[in-house]
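Shown next, in structure tokens, is the structure this report addresses.
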Amino acid sequence: MNIYTRLHEIVLETLSKIAASGSIPTDLSLGRVTVESPRDPSHGDMSTNAAMVLSKAAGMKPRDLATLIQEGLLSDPLIESADIAGPGFINIRLAPSAWREILSEILATGSSYGESKRGAGEKINVEYVSANPTGPLHIGHARGTVFGDVLASLLEKVGFDVAREYYVNDAGSQVDVLARSAHLRYREAQGEDIGAIPSGLYPGDYMIPVGKALVDEFGDKWLKAPEEEWLPVIRRFTVDAMMKLIRKDLGALGVHQKVFVSEQSLVDSGKVETAHATLADRGLIYQGVLEPPKGKTPDDWEAREQELFRATDFGDDVDRPLRKSDGSWTYFASDIAYHLDKYDRGFKTQIDVWGADHGGYVKRMKAATNAVTNGAAELDVKICQIVKLLDKGEPVKMSKRSGTFVTLSDLVDAVGKDVVRFIMLTRSNDAPLDFDLTKVTDQSRENPVFYVQYAHARCHSAMRLVGDTFSDIETDRASLSNADLSVLEDSAEFALLKVLAAWPRTVEAAALAHEPHRIAYYLQELAAEFHGLWTKGKEQPTLRFIIDNDETQTRARMALVRAVQIVLESGLNILGVEPVEELR
RNA sequence: GCGCCCGUAGCUCAGCGGGAUAGAGCGCUUGAUUCCUAAUCAAGAGGCCACAGGUUCGAGUCCUGUCGGGCGCACCA
């Protein structure tokens with residue numbers, strides 16, 4: 001059990017005992033009572049704000065109330081000391097055995113240490129990537145892809161029933177452009193000289209094989225046919241080809257979404273009409289004329305009456321159009337249908353992961369999801385800021401127009417999937433990210449992927465070598481669970497135990513805040529603590545993991561090493577990074 | 001002009017439903033290796049947490065405003 005929640009319970013139990021004795025009211029609101037680890041270790045292992053938060057309602061001075069709580073806490077065997085400090089903090093020091101028990105727990109539970117049932121099996125939908133099916137994924141897609149994938153894993157870890165989805169935008173005018181680009185390549189594949197690709201069409205070489213595949217599939221059937229005949233067929237064919245390409249790229253990154261929802265299918269099945277009708281029934285749609293945006297009026301602006309959704313009723317800045325001037329649905333209209341569709345499939349909690357360029361779209365989508373589900377579904381949108389690709393500190397030039405942009409598969413080929421995945425989470429999603437192709441493969445402290453992997457490899461190294469000294473020490477979990485842990489006494493060992501103890505809380509907090517980068521940070525912290533103890537053993541031989549003449553101590557240290565290894569491994573697993581046992 | 005995000009050490013960034021004397025890496029200074037991978041570690045210097053108000057026992061964290069940077073702004077997706 002999470003030692004923080006356990007302490008929290010102890011504090012609450014203490015408070016209820018005090019209330020039962022009549023010293024404080026029994027109906028105090030305890031929601032603000034917290035237990036946390038103080039920044040300053042001299043303040044103890046844990047501290048609680050209970051006395052300060054409750055003093056007003058209890059009608060007592062904080063320090064007087066603290067004294068009552070202190071007495072109650074001291075009767076618990078887990079607690080070694082409790083001191084009152086500052087304005088009314090109660091600083092708690094745990095018995096050493098309480099920390100050592102963390103090891104026993106890790107050895108007993110293995111990779112499931114850190115999991116919880118907090119999500120209680122609630123269905124939650126994470127939609128990410130959702131790149132237009134008009135070409136291969138490029139580096140700009142990589143961040144949101146990793147973010148969404150890891151967030152999904154994280155949510156699973158704390159007990160949610162997670163769906164990983166990709167929304168395929170196969171209905172708009174962009175896929176018509178794609179189809180025309182494919183048709184051009186189709187003509188080329190039949191020997192026609194097509195010259196330069198006209199502007200407005202997709203110029204990339206990745207379209208060449210599509211043209212050839214179209215010939216294989218259809219022969220010359222569409223060569224002379226009018227566009228309205230071949231367009232729907234070639235569009236479908238080409239979108240499918242692009243999605244194959246994209247799924248291959250995702251696979252190389254270790255991403256395997258199960259559900260791909262087609263925008264066109266929502267239109268065809270009438271889902272968009274349904275969503276539209278739902279909003280209309282609630283009186284949220286009207287005919288109106290929008291003001292041109294201030295400060296930046298488009299050249300072709302024309303005031304016209306159109307069908308608008310009352311987004312302003314739900315916190316958006318202006319009402320939003322649902323139909324284009326040609327009468328077809330806007331992207332927004334089908335996206336509303338998509339979010340309603342998710343809700344109809346049982347997802348009351350939805351997360352969308354978008355790039356920074358879509359930030360302006362967040363309010364309207366939240367407004368629409370709220371409106372179309374009558375407030376029953378909640379949408380969180382996570383915006384990932386841009387990735388700046390560098391090489392040795394110099395920006396790598398990219399141009400989508402000339403087709404020289406770096407594709408995701410190029411990136412994975414260059415540095416490996418594990419590096420891409422880890423580095424993408426070394427910043428909060430709100431912060432821009434520098435991705436230096438050279439630095440991320442360095443074997444140095446500067447490279448967090450290496451640093452964490454090295455710690456993990458060192459764990460395995462110690463466990464490989466212990467048999468040379470003690471042939472009867474086995475390093476599997478079950479064997480080590482018999483170790484006598486009471487010989488672990490050094491402060492550096494306890495520092496490590498405390499980091500290990502924080503793992504379940506870190507996982508849960510990261511999951512609930514939808515902030516997977518916290519896992520990457522935690523792993524660096526754990527690795528740093530472990531490297532520190534390792535080096536300390538070089539200076540102070542009694543702290544080495546393998547002690548020649550002391551089998552009991554060695555066994556206890558191996559238990560510690562195994563626990564570190566287990567937590568590093570499970571953290572890397574959440575990130576989708578393969579833990580290595582050896583570095584070369 | 002409006003909205004969203006950001007502003008923390010020289011640089012790049014963490015800072016966990018508000019908590020005590022604000023952290024890490026890089027860079028700089030000084031050290032540690034007969035021994036489990038020194039591919040590492042330890043110590044030191046370095047801060048009006050952009051600015052001004054407010055909320056409260058307590059604010060880097062919440063609210064308002066100002067300044068600075070990024071992104072976006074009918075009928076693309």
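Proteins get letters first, then strands, A, B, ... in listed order; numbering begins at 1 in each. Not measured: the values here are computed from a predicted model.
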List every contact pair, protein side and nucleotides 4-7 of chain B side both N or O, where the distance is under 3.5 Å.
none

Residue pair A/Leu308 / A/Ile285, side-chain heavy-atom distance below 4.5 Å: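 A side-chain contact is absent here, since even the closest heavy-atom pair is not under 4.5 Å.
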A/Val353 side chain near A/Cys384 side chain, heavy-atom distance below 4.5 Å: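 Yes, at least one pair of side-chain atoms sits under 4.5 Å.
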Chi angles and distances behind the side-chain contact (heavy atoms from CB on, under 4.5 Å) call for A/Phe89, A/Ile84: CA-CA 6 Å; A/Phe89 287 103; A/Ile84 300 166; over 6 Å; no
Ring-on-base stacking B/G19 with A/Phe89 (under 5.5 Å, under 30°):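 It does not: the ring fails the test against the base of B/G19.
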How close or far is atom [atom2] of [N] from atom [atom1] of [X], stated in whole angstroms?
{"X": "A/Glu127", "N": "B/A77", "atom1": "CD", "atom2": "P", "result": "15 Å"}
{"X": "A/Asp548", "N": "B/U34", "atom1": "CG", "atom2": "C1'", "result": "14 Å"}
{"X": "A/Arg555", "N": "B/C36", "atom1": "CZ", "atom2": "P", "result": "22 Å"}
{"X": "A/Asp434", "N": "B/G25", "atom1": "CG", "atom2": "C1'", "result": "14 Å"}
{"X": "A/Met365", "N": "B/A77", "atom1": "CE", "atom2": "P", "result": "14 Å"}
{"X": "A/Arg320", "N": "B/C76", "atom1": "CZ", "atom2": "C1'", "result": "14 Å"}
{"X": "A/Glu529", "N": "B/G23", "atom1": "CD", "atom2": "C1'", "result": "14 Å"}
{"X": "A/Asp316", "N": "B/A74", "atom1": "CG", "atom2": "P", "result": "13 Å"}

Euclidean distance, [Y] [atom2] relative to [X] [atom1], rounded to 0.5 Å:
{"X": "A/Arg544", "Y": "A/Asp550", "atom1": "CZ", "atom2": "CG", "result": "13.0 Å"}
{"X": "A/Asp335", "Y": "A/Trp329", "atom1": "CG", "atom2": "CH2", "result": "13.5 Å"}
{"X": "A/Arg555", "Y": "A/Met558", "atom1": "CZ", "atom2": "CE", "result": "10.5 Å"}
{"X": "A/Asp319", "Y": "A/Glu291", "atom1": "CG", "atom2": "CD", "result": "12.0 Å"}

Write down the distance separating the [atom1] atoms in [N] and [M], rounded off to the nearest Å.
{"N": "B/C48", "M": "B/C57", "atom1": "C1'", "value": "23 Å"}
{"N": "B/G7", "M": "B/C49", "atom1": "P", "value": "14 Å"}
{"N": "B/C62", "M": "B/G17", "atom1": "C1'", "value": "12 Å"}
{"N": "B/G60", "M": "B/G15", "atom1": "P", "value": "16 Å"}
{"N": "B/A22", "M": "B/C41", "atom1": "P", "value": "25 Å"}

Base, sugar-phosphate alone, or nothing: which one does [X] contact when heavy atoms must sit under 4.0 Å apart?
{"X": "A/Gly31", "answer": "base"}
{"X": "A/Asp326", "answer": "nothing"}
{"X": "A/Asn49", "answer": "base"}
{"X": "A/Glu525", "answer": "nothing"}
{"X": "A/Glu582", "answer": "base"}
{"X": "A/Tyr521", "answer": "sugar-phosphate"}
{"X": "A/Glu291", "answer": "nothing"}
{"X": "A/Leu583", "answer": "base"}
{"X": "A/Ser47", "answer": "base"}
{"X": "A/Ala85", "answer": "base"}

side-chain contact (heavy atoms from CB on, under 4.5 Å) evaluation trace for A/Ile3 with A/Met46: CA-CA 10 Å; A/Ile3 198 159; A/Met46 308 267 180; 3.9 Å; yes
Kindly indicate whether the side chain of [X] and the base of [N] share any N or O donor-acceptor pair separated by less than 3.5 Å?
{"X": "A/Thr330", "N": "B/A77", "result": "no"}
{"X": "A/His358", "N": "B/A77", "result": "yes"}
{"X": "A/Asn91", "N": "B/A20", "result": "yes"}

Backbone N/O of A/Asn91 and side chain of A/Asp83: donor-acceptor pair under 3.5 Å: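 Not at all, since once roles are kept as given, no pair shorter than 3.5 Å links the two residues.
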N/O donor-acceptor pair under 3.5 Å between A/Gln565 side chain and A/Cys459 backbone: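 Side chain of A/Gln565 to backbone of A/Cys459: no pair is present.
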Minimum heavy-atom distance between A/Pro516 and A/Val150, given as atom pair plus value: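 Looking at all heavy atoms of both residues, the closest pair is CB-CG1, 3.7 Å.
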Residue-phosphate contact under 4.0 Å: A/His514 side-chain N/O, B/G17 OP1/OP2: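 The answer is no; no side-chain N or O of A/His514 sits under 4.0 Å from OP1 or OP2.
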Heavy-atom neighbours of A/Arg323 CZ exceed 12 at 6.0 Å: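 Count over threshold, so yes.
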Intermediate values then yes/no, ring-ring contact (aromatic ring centres under 6.0 Å, His included), A/Tyr331 and A/Tyr338: CA-CA 10 Å; A/Tyr331 173 79; A/Tyr338 178 41; 9.6 Å; no
Nucleotide N/O of nucleotides 55-65 of chain B paired with protein N/O under 3.5 Å:
{"unit_1": "B/C57", "atom_1": "OP1", "unit_2": "A/Lys56", "atom_2": "NZ", "d": "2.7"}

Pair assignment for RNA chain B - dot-bracket with | for other-strand partners, Watson-Crick or G-U under 3.5 Å: (((((((..((((.....[...)))).(((((.......))))).....(((((..]....))))))))))))....
Along RNA chain B (nearest heavy atom to each residue), the more 5'-positioned of A/Phe332 and A/Pro321: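 Residue closer to the 5' terminus by nearest nucleotide: A/Pro321.
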Closest-nucleotide 5' rank along RNA chain B - winner of A/Ile90 and A/Asn132: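 First, find each residue's nearest nucleotide; the 5'-ward one identifies A/Ile90.
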Between protein and nucleotides 40-45 of chain B, what N or O pairs are separated by less than 3.5 Å?
{"unit_1": "B/U40", "atom_1": "OP1", "unit_2": "A/Arg445", "atom_2": "N", "d": "2.8"}
{"unit_1": "B/U40", "atom_1": "O2'", "unit_2": "A/Arg458", "atom_2": "NH1", "d": "3.2"}
{"unit_1": "B/U40", "atom_1": "O2'", "unit_2": "A/Thr535", "atom_2": "OG1", "d": "3.2"}
{"unit_1": "B/C41", "atom_1": "OP1", "unit_2": "A/Tyr451", "atom_2": "OH", "d": "2.3"}
{"unit_1": "B/C41", "atom_1": "O4'", "unit_2": "A/Thr535", "atom_2": "OG1", "d": "3.0"}

Residues that A/Leu390 engages under side chain to side chain contact (heavy atoms under 4.5 Å, CB included), provided they are two or more places apart: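 Residues passing side chain to side chain contact (heavy atoms under 4.5 Å, CB included) with A/Leu390: A/Pro395, A/Asp434, A/Asp436.
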Any residue meeting salt bridge (charged side-chain N to carboxylate O under 4.0 Å, His left out) with A/Lys366, in chain and number order, not counting sequence neighbours: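 By the salt bridge (charged side-chain N to carboxylate O under 4.0 Å, His left out) rule, A/Lys366 matches no residue at all.
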Aromatic ring pairing A/His517/A/Tyr521, orientation class (parallel under 30°, perpendicular over 60°, tilted between):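 A/His517 and A/Tyr521: perpendicular rings.
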Proximity of A/Trp354 and A/Tyr128 rings by center, below 6.0 Å: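 So the answer is no for these two rings.
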